[in-house]
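Written below as structure tokens is the structure these notes are about.
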Amino acid sequence: MKRFALQDLIIWKNKKNRKPLIVNGARQVGKTWLLQEFGKNQYKEVLYINFERNKRMQNLFKQDLNPNRILLGLELEHGHKIDVENTLIIFDEIQTTPQAITSLKYFFEETPQYHIVAAGSLLGVTLHSGVSFPVGKVDRLNLYPLNFYEYLDALGQENLVELLKSQNFEMIRVFKDTLLDYLKQYMYIGGMPEVVVSFIRNKDFHEVRQVQNHILLDYSNDFSKHIPKETLPKVLSVWNSIPAQLAKENKKFFYNNVAINGRAKDFEDAITWLIDSGLIYKVNRLTKPFLPIKGYQENNIFKLFMLDVGLLSAMSKLDRRILLEGDNLFTEFKGSITEQYVLQELMSLSDIEVSYWGNDSGQAEVDFVVQCESNVFPVESKAGTNLKAKSLKVYMDKYNPKFAIRTSQADYKKTDTLYDIPLYMMENIKLFCAK
């Protein structure tokens, strides 16, 4: 299995002003594998520390944060002197030792020649609990589940990935049915590495669902371990409500769909915890699609999406037989599976901000509005083959964007400033950032 983030790590390694790197991501998206694979391929040695399992190393960081003293302790743990240029130092599960997070500042200021990367499963939660974060002293990389191109690559379909990247639309049309079949697979299986590996080994959709349910159970167990008792029922209620929230015609998050007479103040902490843990994405509504879009977001009107489309299909109890029934998978649950997939593909792109737009009357709504470099553009997802997009037309007439994107099962087409992009080519949307 390859992860496209490996290239980002190589770029980090070769930076002249390299800082310690923090890799963010939800539990089980493959952070540990990624860093160890990076170390194995790019360095002569790897010094791997798992703070959750190594009390001795936890204690090393509890005395003081002098990097030279800590490096001496790391060398004793390693068994020999660290070769500065040829050793990757990995701090895994760093959230269990908050002092180690703070220490990254001093590694950067006093010993920047060392190659240090850190990762943690609930790092976002830890950082919001009063830990002193080394602002400006670290580089950061977000890791998500495998996107569709990474999924194809993992299945040995590198040639299809290269075809899609080539934008040879005539040849892509020839392989359309094949690509749609793989896309339906992906919408059921998703991009969690353990699930993808299971499918590669056994091609068993029943086993895929078992692995997904096991991951969901692990997440629920995490809730019990890390969330205060008074907050736990609220987190579980929000988490369990997401499939039903997305299955509505109006996918806006409603608190009273979580609990009778539910209100924002009752569930804000629960939503924040799930966002910080990387398990859900919050997409706010825009009042106007202007730069920067964060300045025009309504924090009290939003949609919540899952981390992974496969986990959403598992929580929604999506029957695997739906894979064989024409295009039903795309339209199941009022297109929520498709919209989740599109959002997930957008999130896997670097340096973008995602919102959605709706007018004041509530009669028009565009699924996503993306800020990428200096561009702000709408992205409308269509689950079926009907390409009518009245809301997108309202948006375009009102704001006259430089271009707009509609993604569906249809072939690529450009009509004036509207680009029809096949769902299986969502990764290529990053090419629009520089337009």
Side-chain angles (χ1 to χ4, degrees), residues 187 238 241-258 264 271 275 280-306 309 312 316 330-347 349 352-372 375-410 415-421 423 426 429 432:
M187 286 184 171
V238 171
S241 80
I242 292 176
Q245 298 269 5
L246 291 176
K248 305 191 311 295
E249 193 70 46
N250 179 358
K251 294 175 175 56
K252 171 188 166 185
F253 186 86
F254 287 98
Y255 292 100
N256 58 12
N257 284 3
V258 180
I271 291 172
I275 293 169
I280 65 173
Y281 305 126
K282 183 183 181 186
V283 179
N284 295 89
R285 192 176 80 166
L286 284 178
T287 55
K288 299 175 183 177
F290 299 155
L291 285 168
I293 63 174
K294 267 188 173 295
Y296 296 91
Q297 291 175 347
E298 297 178 281
N299 289 325
N300 61 330
I301 302 177
F302 56 88
K303 304 175 188 176
L304 294 183
F305 291 88
M306 297 279 294
V309 66
L312 176 62
S316 302
F330 297 102
T331 56
E332 193 70 15
F333 309 122
K334 295 184 172 61
S336 62
I337 299 292
T338 301
E339 197 166 332
Q340 165 73 43
Y341 161 76
V342 171
L343 185 276
Q344 190 172 328
E345 290 289 298
L346 290 172
M347 294 301 299
L349 304 178
I352 70 165
E353 183 73 28
V354 182
S355 297
Y356 80 97
W357 174 82
N359 63 7
D360 293 335
S361 68
Q363 299 301 308
E365 180 178 299
V366 173
D367 293 332
F368 304 107
V369 177
V370 174
Q371 178 184 325
C372 185
N375 286 318
V376 175
F377 55 92
V379 177
E380 181 76 354
S381 64
K382 305 296 289 184
T385 55
N386 182 352
L387 298 186
K388 290 181 180 178
K390 294 180 181 178
S391 294
L392 184 58
K393 185 178 186 305
V394 170
Y395 178 101
M396 294 178 73
D397 289 344
K398 185 176 180 65
Y399 296 110
N400 192 30
K402 185 162 46 170
F403 56 86
I405 291 172
R406 180 171 55 195
T407 183
S408 69
Q409 298 176 59
T415 308
D416 297 325
T417 58
L418 175 62
Y419 292 81
D420 278 295
I421 305 291
L423 284 162
M426 279 296 299
I429 282 182
F432 287 81

Does any N or O in the side chain of K288 come within less than 3.5 Å of the main-chain N or O of Y399, such that one atom is a donor and the other an acceptor?
no

Which heavy atom in N250 sits nearest to a heavy atom in E365, and how many Å separate them?
OD1-OE1, 4.2 Å

At what distance, to the nearest 0.5 angstrom, does OG of S316 lie from CD1 of I337?
5.0 Å

Does any non-hydrogen side-chain atom of P401 lie less than 4.5 Å from one of P378?
yes

Does Y281 have any ring-ring contact (aromatic ring centres under 6.0 Å, His included) partners at least two apart in sequence or in another chain, and if so, which?
none

Within the side chain of Q245, is there an N or O that forms a donor-acceptor pair under 3.5 Å with the backbone of F254?
yes

Does the side chain of V376 reach to within under 4.5 Å of the side chain of F290, using non-hydrogen atoms?
no

Between Y356 and I301, is any pair of side-chain heavy atoms under 4.5 Å apart?
yes

Determine the minimum heavy-atom distance between L392 and V366, stating which atoms define it.
CA-CG2, 4.0 Å

If you look at every heavy atom in V379 and D367, which pair is closest and at what distance?
O-CB, 3.7 Å

Under 3.5 Å, is there a donor-acceptor pair between the side chain of S355 and the main chain of V369?
no

Under the salt bridge (charged side-chain N to carboxylate O under 4.0 Å, His left out) rule, collect the residues that match up with K402, sequence neighbours excluded.
none

Value rounded to 0.5 Å, distance of CD1 in I352 from CD in Q371:
10.0 Å

Would you mind reporting whether V238 and L304 have side-chain heavy atoms less than 4.5 Å apart?
yes

In this structure, CE of M306 is separated from CG of L312 (nearest 0.5 Å) by 6.0 Å

Given Y341 and M426, is the side chain to side chain contact (heavy atoms under 4.5 Å, CB included) satisfied, shown in steps?
CA-CA 9 Å; Y341 161 76; M426 279 296 299; 4.0 Å; yes

Exercise: identify the closest heavy-atom pair between I271 and I280
O-CD1, 4.0 Å

Heavy-atom closest pair (A389 atom, K382 atom, distance to 0.1 Å) is CA-NZ, 4.4 Å

Decide whether a cation-pi geometry holds between K282 and F302; the criteria are a distance under 6.0 Å from NZ or CZ to the six-membered ring centre and an angle within 45° of the ring axis.
yes

Decide yes or no for L286 and Q297: does some side-chain heavy atom of the first lie under 4.5 Å from some side-chain heavy atom of the second?
yes

Interatomic spacing from CE in M187 to CD in Q340 - rounded to 0.5 Å
10.0 Å

Quick one: sort the W357 and Y395 rings into parallel, tilted or perpendicular, breaks at 30° and 60°.
perpendicular

Rounded to the nearest 0.5 Å, how far does CD1 of I405 lie from CD of E380?
12.0 Å

Interatomic spacing from CG in N284 to CD1 in I293 - rounded to 0.5 Å
9.5 Å

For the CG atom on D416, are there more than 12 heavy atoms of other groups (residues, nucleotides or ligands in this structure) within a distance under 6.0 Å?
no

Take the angle between the ring planes of F432 and F403 and call it parallel below 30°, perpendicular above 60°, tilted in between.
tilted

Take E339 and K303 through the test salt bridge (charged side-chain N to carboxylate O under 4.0 Å, His left out) and record every step on the way to the result.
CA-CA 11 Å; E339 197 166 332; K303 304 175 188 176; 3.0 Å; yes

Do N257 and S241 make a side-chain contact, defined as non-hydrogen atoms from C-beta onward lying under 4.5 Å apart?
no

Specify the closest pair of heavy atoms between Q363 and S391, including all atoms of both residues, with the distance to one decimal.
O-OG, 4.2 Å

